[in-house]
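Note on naming: letters A, B, ... go to the chains in the order of the sequence lines (proteins, then strands), and numbering restarts at 1 for each one.
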Amino acid sequence: MRKQLMKGNEAVVKSAILAGCRAFYGYPITPASEITEAAALYLPKAGGVFVQAESEVAAINMLYGAASAGVRAMTASSGPGISLMQEGISYMAGAELPCVIADIMRGGPGLGNIASEQGDYHQVVKGGGHGNYRTLVLAPHSVQEMADLTALAFELANRYRNPVFVLADGFVGQMMEPVEFPQEAVEAPTPHWAVTGTAETRANLITSIFMGADELEAHVRDLEKKYKLAGQREARAEEWFTEDAEIVLVGYGIVARILKAVCAEARDGGLKVGVLRPITLYPFPAAHFQKRAKRARIFIVVEMSNGQLYDDVRLALNGARPVEFLSRMGGNVPSHEEVLRFVRERAAQLGQKWRVHAAPVESAAQAGQKEKMAHV
Amino acid sequence: MSSEAAIEYEVAQGRAKAFYPRFERKDELQHQTHYCPGCGHGIVHKMLARAIDELGIQDRTILVGPVGCSVFTYYYFEVGNVQAAHGRAPAVATAMKRSRPQSVVVAYQGDGDLSAIGSAEILHTANRGENITVIFVNNAIYSMTGGQAAPTTLLGQKSTTTPDGRSAATEGYPLHMSELLATLEAPVYIERVALGDNKQIAQAGKAIRRAVQNQVRGLGFSLIEVLSPCPTIWKMSAVDAQRWVREVMEKTFPLGVLRDRTKDAAPKALPPAAPALEEIPRILGVAEQDLPAGNAHAMEPGRDVDLEVRIAGFGGQGVLLLGEVLAEAGLDAGLEVSWLPSYGPEMRSGTSNCHVRLSSRPIDSPLVAAPGILVAMNEPSLRKFDHSVRAGGWVIYNGEAFPEDCVRQDLHVLAAPFTQLADELGDARASNMIMLGALLEIAGALPGASVDAALRRLVKNSRWVELDLRALERGRALLKHSFPEVIG
Ligand SMILES: Cc1ncc(C[n+]2csc(CCOP(=O)(O)OP(=O)(O)O)c2C)c(N)n1
Ligand code: SF4
């Protein structure tokens, strides 16, 4: 399979179209704008619809319309725009309409800044709109996953008739990595419940209104059942050297990439460190945590927000193991060194020794380079 | 209108085919509507249902209902029904029509819905000239929520939120949405009608029919504003309410056609047919057969690469492109690569930088905290990042000489006036490629064919490719000249 170098944001759109997306309604915002721009370029060519909406409020309601018409539809935004969409997302969950929303997170609250952050966790994972509903949330940590999880998001949105988020931080949206795509586009048949302006669909109704108390409660219970089923079937996590890990690092998105690098170095130093990376943030992969709690002595949550993922990890572990927390915000990224230092401190408290290497391990390339440079 | 006609406001069952014979979606009283006696909504429903009947479009019709007293339009109309959020019906209708152009989409809205909370959506939907029909029922008040002021509330009119009557000084003036929308280029037909008497009702029926017909003919955006009685909230009898429409409301909101381009408007073209599914990968530029094969074979066998590079400079110096060419060349050579731009706070001063990694093994983190090579295209970038370069690493600096106060003893430094060198080659903007040439020589890992291929892929203009190739050569030569020992 040949790969292409591509930005995460662009990969989202290409993958979406391959997954049958034929409508995109969006409003520009850094660092998500490349998604809207790529959608403007490709959707019309693919026989789809692109409209730059007048606001995120309009955009999400256009999604409501497109989904009502039985079309696979998506939008993309970031913090402030997602805040504006919340009413519409609640309506879509209430009316059981599928859609995919990419949130490429930036710094908040308020206008905050446009740098990479993870502060939308709560508003996305906990369902920031009104009422008793949830959204499914997928958290890519590479460009390949931006593509793969977007495709999965469409599948899940349709299967559960519910909005699904692709939640990425600015870096994952902005960075370029090699990516490959499926070579066959998905055929997306019109769902039977859609309202398409035909005799067959004339009796269909899309609404989130349930006037009677019992009626609404029954509806919400049905939604709950759906979320529970999703919880059983769709929770995903990546386990990275967790088998024997005594210290489990937890993070998603770009943070997970840093944690993998830290993990490698910590293992070089003789520490049994692993990384548990939630891929679905809702449903939260609690079972993975419970399993690793049997052997791990401590979990360390690293996030670019103020303890939002941390809450879910503590809920998942339910007191089984101590959970430590390291965060950077505002566009600051937890550096490799600061995470490693944090890990080493906690390891020392656990009585684990850092094995000091006689000679630091370095790659052959570095060694070779050094040799060359020795003459300089 | 006589009180006899007022009784007709009730949507009588079975009158229009576009109505359900019995309103089974209602909990109770399924033979009548939920509207109060004398309410204008019922009669507007009836006129819309008749128009649907007469145009023979019942199967094709999608009715987008609002939030307001008419929230339950789906109880009555036997058409495809979608219930929208407060004020957003035009946005919902836009998307439905765009995806199902053969359908006939009608957005039904109250004056709070359309002129207050949904003012942006209606304005932009009209301005895009969406081929939909909007029925705008103006009763000068928020009825459903119990009689608060609307933007359309008349001066002096009492409401629960203007207990002393609307005052221009504090609440502004009644908002004339139809006039406002009629200032736009795109709308085809906008008319204000009323339900003040039989004659007015007859005119309203015609207007509504025409607004729907325009859509069927593909002409574009049509909106009918209906001045409509709300006896309950106005606290009037049905007859008085009708009189108030006629004698009071109409003075603020004069009736008539505000825009009519029905005759001149050309039917909108339908979107082109969608391409076959098999075409999609090609259209997206991801079809395997269209992707370059790469030059991995040209890599030195067994060569283990782990290159971590940070490139920084002013915006416009080609920082990101330098990184991209490097990453693209790495990919072409079969390596794992990542390219990560810094943006956000760091971009404020017009500087930009990127992290590039090329490796024989999977790349864990794309962030380069401690680069092996720093390309600093200006002094601020040098000062910002030189401390981060790992011991024994390289700095390629665009400047005559390294600033005295920032020389680290454990680094290799190639300082040269790259901008000037590029200028000598023909364009100062090629300085980034001279620096890349030097970098490639230091890294020594990438086959020339891969660099060449990457450059050609990313730089489309052939004059620039030629210049950049010379720039790369210049950079390589410079490094060889300055550090003859480096060449293995
Ligand atoms: C976001 C939101 N804000 C407020 C409301 C409450 N609300 C429901 S209907 C309505 C006003 C409706 O007035 P109008 O559009 O004039 O319709 P009418 O009832 O007069 O026919 C309001 C404020 C809501 N449903 N949603
Ligand atoms: S309150 Fe007014 S608008 Fe609402 S149904 Fe009654 S008369 Fe009609």
With chain A, the option among G330(B), A445(B), P292(B), A273(B) that has the most non-hydrogen atom pairs under 4.5 Å is P292(B)

Ranked by heavy-atom pairs below 4.5 Å to chain A, first place among G285(B), P275(B), S103(B), S338(B) goes to P275(B)

Can you tell which part of [X] gets under 4.5 Å to a heavy atom of chain B, answering side chain, backbone, both or neither?
X	answer
E87(A)	side chain
S335(A)	neither
I254(A)	side chain
F50(A)	backbone
V57(A)	both
E337(A)	side chain

d(H124(B) NE2, Q52(A) CD) to nearest 0.5 Å is 10.5 Å

Sorted by chain and residue number, the side chain to side chain donor-acceptor pair (under 3.5 Å) partners of D410(B) (sequence neighbours excluded) come out as R408(B)

E78(B) meets the side chain to side chain donor-acceptor pair (under 3.5 Å) criterion, sequence neighbours left out, with R202(A)

Does E54(A) come within less than 4.0 Å of R128(B), counting only side-chain N to carboxylate O? yes

Please give me the minimum heavy-atom distance between [X] and [Y], naming the atom from each residue.
X	Y	value
M96(B)	V195(A)	CE-O, 3.3 Å
S68(A)	V82(B)	OG-CG1, 3.7 Å
R257(A)	I363(B)	NH2-O, 3.1 Å
A274(B)	A46(A)	CB-O, 4.5 Å
Q174(A)	W339(B)	O-CZ3, 3.6 Å

Most heavy-atom pairs under 4.5 Å with chain B, out of I17(A), I60(A), V71(A), I209(A), belong to I209(A)

Of T201(A), T196(A), T207(A), the largest count of non-hydrogen pairs under 4.5 angstrom with chain B goes to T196(A)

Quiz prompt | Evaluation steps, side chain to side chain contact (heavy atoms under 4.5 Å, CB included), between L5(A) and V337(B) | solution = CA-CA 8 Å; L5(A) 197 59; V337(B) 302; 3.6 Å; yes

Which of L291(B), V286(B), D290(B) passes side-chain contact (heavy atoms from CB on, under 4.5 Å) with R2(A)? Answer is L291(B)

